[in-house]
*Asks:* 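Quick one: structure below, then a few questions.
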There are 2 protein chains.
Amino acid sequence: MKLTSKGRYAVMALVDLARFNNINPVSLRDISLRQGISLDYLEQIFSKLRKKEIVQSVRGIQGGYVLNKKANEIKLTNIFDAVDEKVKTVQCKKESKKGCNGKSTKCLTHNLWDELENHINNFFEQKSLEDLIKDNRERRI
Amino acid sequence: MKLTSKGRYAVMALVDLARFNNINPVSLRDISLRQGISLDYLEQIFSKLRKKEIVQSVRGIQGGYVLNKKANEIKLTNIFDAVDEKVKTVQCKKESKKGCNGKSTKCLTHNLWDELENHINNFFEQKSLEDLIKDNRERRI
DNA sequence: ATAAACCTGACTAAAATAGTCAAGTATATA
DNA sequence: TATATACTTGACTATTTTAGTCAGGTTTAT
Ligand code: FES
Ligand code: FES
């Protein structure tokens with residue numbers, strides 16, 4: 001089970017942005033330089049974040065991005081959802097009664113994978129951007 | 001974040017095996033048929049499980065595999081470890097002081113990913129093969 | 001002897017990931 | 001108003017990982 005760079009970068013970038021938020025829009029260029037993430041890749045990521053109304057864009061010179069909600073209202077779930085970083089413990093569709101590989105019923109371990117998925121998603125639902133920033137400040141002391 | 005088939009199959013196969021354990025060795029052929037997993041793939045998986053002493057093999061006709069420990073002593077952690085299904089939330093090496101992409105320090109969100117990794121691994125450490133079988137019996141009533 | 005079943009290593013098609021690249025559009029400011 | 005900064009969009013691609021397959025064994029009960 002791996003967390004993809006896309007998901008990891010999305011959170012890193014938003015934490016970076018959130019620290020400078022309320023002052024000025026933060027440009028992707030700055031985030032790119034500070035966090036060492038490819039600018040072109042960031043652009044893809046922020047396009048998705050904007051579509052899901054997690055950030056707002058300010059075009060033109062001195063532009064950049066601003067948070068569109070309070071930091072405590074942005075959970076990891078929302079971020080991951082926006083960039084299509086989803087937890088998948090199975091191959092088969094949830095809606096369908098059928099199992100993996102076209103089997104007619106769900107497998108012996110199906111319930112386990114559901115539990116696992118919930119366990120992980122719970123973590124994402126509990127952590128907000130604000131938590132991350134606080135956590136970070138304390139660490140710096 | 002996806003669970004790979006290899007990890008999923010390893011657990012499925014062991015649950016299947018554990019149900020018939022204590023009677024006779026269980027052949028991979030049977031597991032393959034019952035669970036709909038490629039025989040050749042199962043062989044790869046069981047080779048690893050045997051090397052980590054989770055199962056024992058019985059060669060020749062009427063042969064197969066038997067659990068090498070009690071079902072309550074085999075945790076998901078042990079199974080995943082055996083087949084190299086590991087949880088990885090970061091790219092950078094844990095031992096190294098360096099961050100991802102060759103950065104000289106760890107990133108802003110590093111602590112978060114450590115927490116996430118622990119959170120997931122906790123789940124794997126708590127679940128034993130016995131739990132899965134019990135769970136399954138109850139469900140069948 | 002033979003068939004069932006384990007054992008091993010090499011190989012490969014397909015999918016996913018982690019980007020890059022090219023060609024724009026909007027706007028603050030000099 | 002010229003221009004540089006920064007967002008916007010979509011297509012393209014190299015690399016890696018996954019999920020197997022395939023071809024050849026070896027062991028042993030009957
Ligand atoms: S995981 Fe798909 S059938 Fe259980
Ligand atoms: S995840 Fe590698 S530096 Fe934090």
Side-chain angles (χ1 to χ4, degrees), chain A residues 1-10 12-13 17 20 24-33 35-52 54-66 68 80 83-92 100-102, chain B residues 1-10 12-13 17 20 24-33 35-52 54-66 68 80 83-92 100-102:
Chain A
M1 304 201 79
K2 287 198 202 104
L3 183 70
T4 67
S5 291
K6 190 169 57 175
R8 193 159 2 90
Y9 289 167
M12 280 174 64
L17 191 159
F20 295 89
N24 275 316
V26 180
S27 75
L28 293 190
R29 183 154 199 287
D30 287 353
I31 298 181
S32 166
L33 290 173
Q35 305 303 327
I37 304 169
S38 142
L39 177 58
D40 282 322
Y41 205 14
L42 276 177
E43 268 161 358
Q44 280 185 44
I45 292 170
F46 273 75
S47 162
K48 295 183 176 188
L49 292 173
R50 183 172 53 79
K51 278 173 190 153
K52 292 285 179 153
I54 291 173
V55 295
Q56 260 196 341
S57 71
V58 181
R59 298 189 71 153
I61 219 168
Q62 295 280 45
Y65 287 92
V66 202
N68 200 22
F80 283 156
V83 299
D84 309 306
E85 170 82 31
K86 33 185 169 263
V87 179
K88 274 199 79 180
T89 56
V90 299
Q91 291 278 327
C92 47
C100 289
N101 317 335
Chain B
M1 304 201 79
K2 288 200 202 99
L3 183 70
T4 66
S5 291
K6 190 169 58 177
R8 194 160 1 91
Y9 288 166
M12 281 173 63
L17 191 159
F20 294 90
N24 276 315
V26 180
S27 75
L28 293 190
R29 182 154 200 287
D30 287 353
I31 298 180
S32 165
L33 290 172
Q35 304 305 327
I37 305 169
S38 143
L39 178 57
D40 283 321
Y41 204 14
L42 276 178
E43 267 161 359
Q44 281 185 44
I45 292 169
F46 273 76
S47 162
K48 294 183 176 186
L49 292 173
R50 184 172 54 78
K51 278 173 190 151
K52 292 285 179 154
I54 290 173
V55 295
Q56 261 197 341
S57 70
V58 180
R59 299 189 71 155
I61 218 167
Q62 296 280 44
Y65 287 92
V66 202
N68 199 22
F80 283 155
V83 300
D84 309 306
E85 171 82 33
K86 33 185 169 263
V87 178
K88 275 199 78 179
T89 55
V90 299
Q91 291 278 327
C92 47
C100 289
N101 316 336

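These numbers were taken from a predicted model, which means no experiment stands behind them.
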*Asks:* C:dG19 C1' sits how many Å from A:Arg8 CZ, rounded?
*Replies:* 14 Å

*Asks:* Among D:dC7, C:dT27, C:dC6, which is the nearest nucleotide to the side chain of A:Leu28?
*Replies:* D:dC7

*Asks:* Find the distance A:Leu39:CG to C:dA22:P and express it as a whole number of Å.
*Replies:* 15 Å

*Asks:* Can you tell which of C:dT27, D:dC7, C:dC6 lies closest to the side chain of B:Glu43?
*Replies:* C:dC6

*Asks:* Which nucleotide sits closest to the side chain of A:Ser27: C:dT17, C:dC6, D:dC7?
*Replies:* D:dC7

*Asks:* Here's a test of your reading of the structure: between A:Gly60 and A:Lys6, which maps to the more 5' nucleotide of DNA chain C?
*Replies:* A:Lys6

*Asks:* Can you tell which of C:dG19, C:dA5, C:dA22 lies closest to the side chain of A:Ser5?
*Replies:* C:dG19

*Asks:* Any idea which of D:dA19, C:dA18, C:dT27 is nearest the A:Tyr41 side chain?
*Replies:* C:dA18

*Asks:* Which nucleotide in the set C:dA28, D:dT9, C:dC7 lies at the smallest distance from any side-chain heavy atom of B:Arg59?
*Replies:* C:dC7

*Asks:* Nearest whole Å is fine: how far is D:dT5 P from A:Asp30 CG?
*Replies:* 12 Å

*Asks:* Reckon B:Ser38 has a side-chain N or O less than 4.0 Å from the OP1 or OP2 of D:dA19?
*Replies:* no

*Asks:* With side chains defined as the heavy atoms from C-beta onward, is the minimum distance between A:Val58 and A:Tyr65 less than 4.5 Å?
*Replies:* no

*Asks:* Could you tell me the separation between the CE atom of A:Met1 and the P atom of C:dA16, rounded to a whole number of Å?
*Replies:* 15 Å

*Asks:* For B:Asn101 and for B:Tyr65, find the nucleotide of DNA chain C with the closest heavy atom, then tell me which residue's nucleotide is more 5'.
*Replies:* B:Tyr65

*Asks:* Looking only at heavy atoms, what is the nearest atom pair of B:Val26 and B:Leu17, with distance?
*Replies:* CG2-O, 4.0 Å

*Asks:* Nearest 0.5 Å please: distance from the CD atom of A:Gln35 over to the CG atom of B:Asn101.
*Replies:* 10.5 Å

*Asks:* Do A:Leu49 and A:Val83 have side chains that approach each other closer than 4.5 Å (heavy atoms only, starting at C-beta)?
*Replies:* yes

*Asks:* Can you measure from CG (A:Leu3) to CD (B:Gln91) and round to the nearest 0.5 angstrom?
*Replies:* 9.5 Å

*Asks:* In whole Å, what is the span from the CD atom of A:Gln62 to the P atom of C:dT27?
*Replies:* 15 Å

*Asks:* Tell me what B:Val26 touches on the nucleic acid: a base, only sugar-phosphate, or nothing, going by heavy atoms under 4.0 Å.
*Replies:* sugar-phosphate

*Asks:* Is any side-chain N or O of A:Tyr9 closer than 4.0 Å to OP1 or OP2 of C:dA18?
*Replies:* no

*Asks:* Round to a whole Å and report the spacing from CD1 of A:Ile37 to C1' of C:dA18.
*Replies:* 12 Å

*Asks:* Specify the residues of residues 44-52 of chain A, ordered by number, for which at least one heavy atom lies under 4.0 angstrom from an atom of DNA chain C.
*Replies:* A:Gln44

*Asks:* Atom CG of A:Leu17 and atom C1' of D:dA6: how far apart are they, to the nearest Å?
*Replies:* 14 Å

*Asks:* How are the rings of A:Tyr9 and A:Tyr41 set relative to one another: parallel (under 30°), tilted (30 to 60°) or perpendicular (over 60°)?
*Replies:* perpendicular

*Asks:* B:Gly7 and B:Phe80: which non-hydrogen atoms are nearest, and at how many Å?
*Replies:* O-CE2, 3.5 Å

*Asks:* So which nucleotide from C:dA3, D:dT17, C:dA22 ends up closest to the side chain of A:Lys2?
*Replies:* D:dT17

*Asks:* Could you measure the distance from the NZ atom of B:Lys48 to the CD atom of B:Glu85? Nearest 0.5 Å is fine.
*Replies:* 10.5 Å

*Asks:* For B:Lys88 and C:dT17, what is the distance between atoms NZ and C1' respectively, to the nearest whole Å?
*Replies:* 14 Å

*Asks:* Using only side-chain N and O atoms of B:Ser57, determine if any of them is under 4.0 Å from OP1 or OP2 of C:dA5.
*Replies:* no

